[in-house]
Amino acid sequence: MQKCISQQAKELANKFLQFNTTCQSPYQVVVTVEELLKKHNFTRLHEDKPFDLSPGGRYYIKRGYDSSMIVFDVPFNIATNSLSFKMMATHVDSPCLRMAPRSKKTFKSMEQVCIQTYGGGLWHTWFDRDLVLGGRVVISENGKLVQKIFSSTNPIAKVPNLAIHLTTDRKNFAPDKEIHLRPLIAQDLEGLFNNSEEIPNRVDKTPLKLKTADENHSLGILKLIAGELGCGVKDIVDFDLCFADATPANLFGLNEEFISSPRLDNLFSVYFSLLGYLENLESESAKSQTDINLLLLFDHEEIGSMTYIGADSSYISTLLQRITARLQQIESKEGQVDSTILPQILARSLLVSADMAHGIHPNYPGHHQCNHQVEVNKGIVFKINCNGRYITDSVSSSIMKLICANADLPVQEFIVPQNSPCGSTVGPMLSSKLGTIGLDVGISQFSMHSIRETCGVLDSYYYKEFFRQICSTTVSDVRVGQ
């Protein structure tokens, strides 16, 4: 049985590696997820239009131009008086270096890029890594603004370290984020590598008075973008572009039991919540389910979520109001809506906030709480903090223990040492806004917020099975009596 699990886990891990490598920015995550949803017959809804829902329908909504996404399906049998939501919340963003609004920078013959640091990264890990560039580009096309997704195929940048011989403090490494993190992208060698000074012509009728990106950024990068997107340099109006590790995610270890990858926090949760959700949706038993499963994929978690596309916005509240109202109209067939029904539904619903956890580090065991040393490849981690940094409590933990026991999934419990600060997730802000009980879960990993993180292959199987089990469980069957 264990060998069967390991084989399944390795197959799942390899699928994750492919997913991760294509997702260099939050925008590529959302677009890649959208492609998978379309293969499963999901329909896109638009916030500025009425929601046309039907029993058995599958839907998704994007906000922020490929920044955040909500995915859900409607039961075949709609009964709003007994309906519950099962919400699985993750985030699509990770700490990274992003190009500044005016990024053009030269020194001697060297061409660099001014950057902004996004989130709380382990910035020293970004030195001496080959970097690619990817994200969202806005262009002028036929006189209108259009969004495109860009990804550089080959490494185009590196942040070089200072040689040890030139530093006066060899024991400490404390780079200045403003000066020392500027990636190197090119060198002017009098045309030896590129003797073309020609600027690609406008492809479409870009308004002449429109300020374009060529005023603020490297012509070489703009040519690269224009060539990839099939537009002219002066058609590029603006962009949000992230540098990312060029080395593809891979397996390592004598038995290939570890995953080495950028952005494990939190694409591991995104991918396996999606996989578990879809696997349950395609099962025969899904046709008789009465709860609504939702995947909540938020951008901007790493910077506090206080944006219109973040978890600390009106996004999910407004969406649930609209879904509930439409379901009541379908159910009553008379267009009647009871405005008090949503709070009732949320009071019997369940929220799972899925974000990665800190596995016990073999080189730094003293940084972990002595009785809560969770391990990689050992299953689902319940994240607990009595000061509200996580939403897990004894009731939600008991519910999840029952769900995991029904799926034969191993469970671990995590708290931080009491002399250490505790991170947080989208869980507390969502739970407090919605009035819904919930749990913070994750999978153990090393090197969180490094350019290169590590987790366990077996946990691919456990995580996918956990979300599948959540989706297949009826909330009323596991609710704690009062």
Side-chain angles (χ1 to χ4, degrees), residues 22-35 37-38 42-51 59-70 92-93 96-104 113-116 118 132-153 156 198-244 297-300 303 305-310 313-315 318-319:
T22 63
C23 296
Q24 301 160 357
S25 71
Y27 318 109
Q28 288 155 305
V29 177
V30 170
V31 169
T32 302
V33 170
E34 182 177 25
E35 292 172 355
L37 293 175
K38 288 179 178 178
F42 278 77
T43 299
R44 181 181 177 185
L45 302 175
H46 297 267
E47 285 191 275
D48 60 344
K49 297 177 182 177
F51 285 1
Y59 307 97
Y60 69 93
I61 303 165
K62 297 191 293 182
R63 177 180 277 195
Y65 300 91
D66 296 326
S67 281
S68 295
M69 172 185 279
I70 307 298
V92 297
D93 59 324
C96 66
L97 303 182
R98 295 197 176 195
M99 288 183 65
R102 298 175 64 88
S103 69
K104 190 185 301 184
V113 177
C114 287
I115 54 89
Q116 297 183 92
Y118 178 88
V132 291
L133 190 65
R136 176 176 67 190
V137 179
V138 178
I139 68 171
S140 178
E141 192 174 85
N142 294 322
K144 295 184 178 180
L145 297 177
V146 179
Q147 175 193 259
K148 302 282 187 179
I149 299 297
F150 165 78
S151 177
S152 65
T153 305
I156 65 166
E198 179 182 346
I199 300 177
N201 294 325
R202 301 176 192 271
V203 173
D204 296 295
K205 297 178 180 179
T206 303
L208 293 176
K209 293 183 180 180
L210 181 63
K211 185 176 181 180
T212 55
D214 61 300
E215 300 178 37
N216 298 326
H217 303 285
S218 159
L219 179 58
I221 286 182
L222 296 177
K223 285 182 178 180
L224 182 67
I225 296 171
E228 181 73 22
L229 300 182
C231 65
V233 163
K234 289 188 175 294
D235 296 323
I236 302 171
V237 180
D238 209 341
F239 46 65
D240 294 303
L241 293 178
C242 308
F243 286 103
L297 312 180
F298 291 106
D299 198 357
H300 291 175
I303 58 171
S305 298
M306 292 185 66
T307 63
Y308 84 107
I309 55 179
S313 70
S314 63
Y315 190 12
T318 302
L319 177 64

Side-chain donor-acceptor pair present, Q24, S151, cut-off under 3.5 Å = yes
Please say which of V31, D238, D240 ends up in a side chain to side chain contact (heavy atoms under 4.5 Å, CB included) with R136.
-> D240
Hey, does L241 have a side-chain heavy atom less than 4.5 Å from the side chain of R98?
-> no
With R102 via side-chain hydrogen bond (donor to acceptor under 3.5 Å, both in side chains) - residues at least two apart = N216
V33 side chain near L297 side chain, heavy-atom distance below 4.5 Å | yes
When every non-hydrogen atom of G232 is compared with those of A226, the smallest separation belongs to C-CB, 4.0 Å
Might you work through the side chain to side chain contact (heavy atoms under 4.5 Å, CB included) test for L222 and I236, ending with a clear yes or no?
-> CA-CA 8 Å; L222 296 177; I236 302 171; 4.2 Å; yes
Can you name the closest pair of heavy atoms from C23 and V29 and give their distance?
-> CB-CG2, 3.5 Å
Indicate yes or no: at least one non-hydrogen side-chain atom of F243 is less than 4.5 angstrom from one of I115.
-> yes
Using the salt bridge (Lys or Arg N to Asp or Glu O under 4.0 Å) rule, take E141 and K148 through it: C-alpha gap first, then chi angles, then the decisive distance, then the call.
-> CA-CA 11 Å; E141 192 174 85; K148 302 282 187 179; 3.7 Å; yes
Sorted by chain and residue number, the side-chain hydrogen bond (donor to acceptor under 3.5 Å, both in side chains) partners of S305 (sequence neighbours excluded) come out as none
How about I70 and Y315: do any of their side-chain heavy atoms sit closer than 4.5 Å?
-> yes
To the nearest 0.5 Å, what is the distance between CD (Q116) and CE (M99)?
-> 11.0 Å
Could you please spell out the steps behind the side chain to side chain contact (heavy atoms under 4.5 Å, CB included) verdict for I61 and H46?
-> CA-CA 6 Å; I61 303 165; H46 297 267; over 6 Å; no
Side-chain donor-acceptor pair present, E35, T32, cut-off under 3.5 Å | no
Are F239 and H217 an aromatic pair by the rule of ring centers under 6.0 Å?
-> yes
Non-hydrogen side-chain atoms of C96 and C242 separated by less than 4.5 Å = yes
If you round to the nearest 0.5 Å, how far is CG of L145 from CD1 of I139?
-> 9.5 Å
Answer yes or no on whether R44 is positioned over the face of Y60, meaning its NZ or CZ is under 6.0 Å from the six-membered ring centre and within 45° of the axis.
-> no
Answer yes or no: is there a side-chain heavy-atom contact under 4.5 Å between L229 and V137?
-> yes
Check whether the side chains of D93 and Y118 place a donor and an acceptor atom closer than 3.5 Å, and report yes or no.
-> yes
Residue pair T212, D235: steps toward the side chain to side chain contact (heavy atoms under 4.5 Å, CB included) verdict = CA-CA 7 Å; T212 55; D235 296 323; over 6 Å; no
With a 4.5 Å limit on heavy-atom distance, are the side chains of V138 and V146 in contact?
-> no
Taking all atoms of both residues into account, what is the closest heavy-atom pair of S67 and Y27, and its distance?
-> OG-CE2, 3.3 Å
State, with a plain yes or no, whether a side-chain heavy atom of T22 is found less than 4.5 Å away from one of Q28.
-> no
Could you walk me through whether S313 and R63 pass the side chain to side chain contact (heavy atoms under 4.5 Å, CB included) check?
-> CA-CA 11 Å; S313 70; R63 177 180 277 195; 4.0 Å; yes
Looking at CD1 of I221 and CZ of F150, how far apart are the two atoms once the value is rounded to the nearest 0.5 Å?
-> 8.0 Å
Distance-only, no hydrogens or angles: does the S152 side chain make a donor-acceptor pair with backbone N or O of L133 under 3.5 Å?
-> yes
Apply side-chain hydrogen bond (donor to acceptor under 3.5 Å, both in side chains) to Q147 and list each qualifying residue two or more places apart in sequence or on a separate chain.
-> D66
May I ask you to say whether K62 pairs ionically with E47, meaning some side-chain N is under 4.0 Å from a carboxylate O?
-> no
Take atom OH in Y65; do more than 12 heavy atoms of anything else shown fall under 6.0 Å from it?
-> no
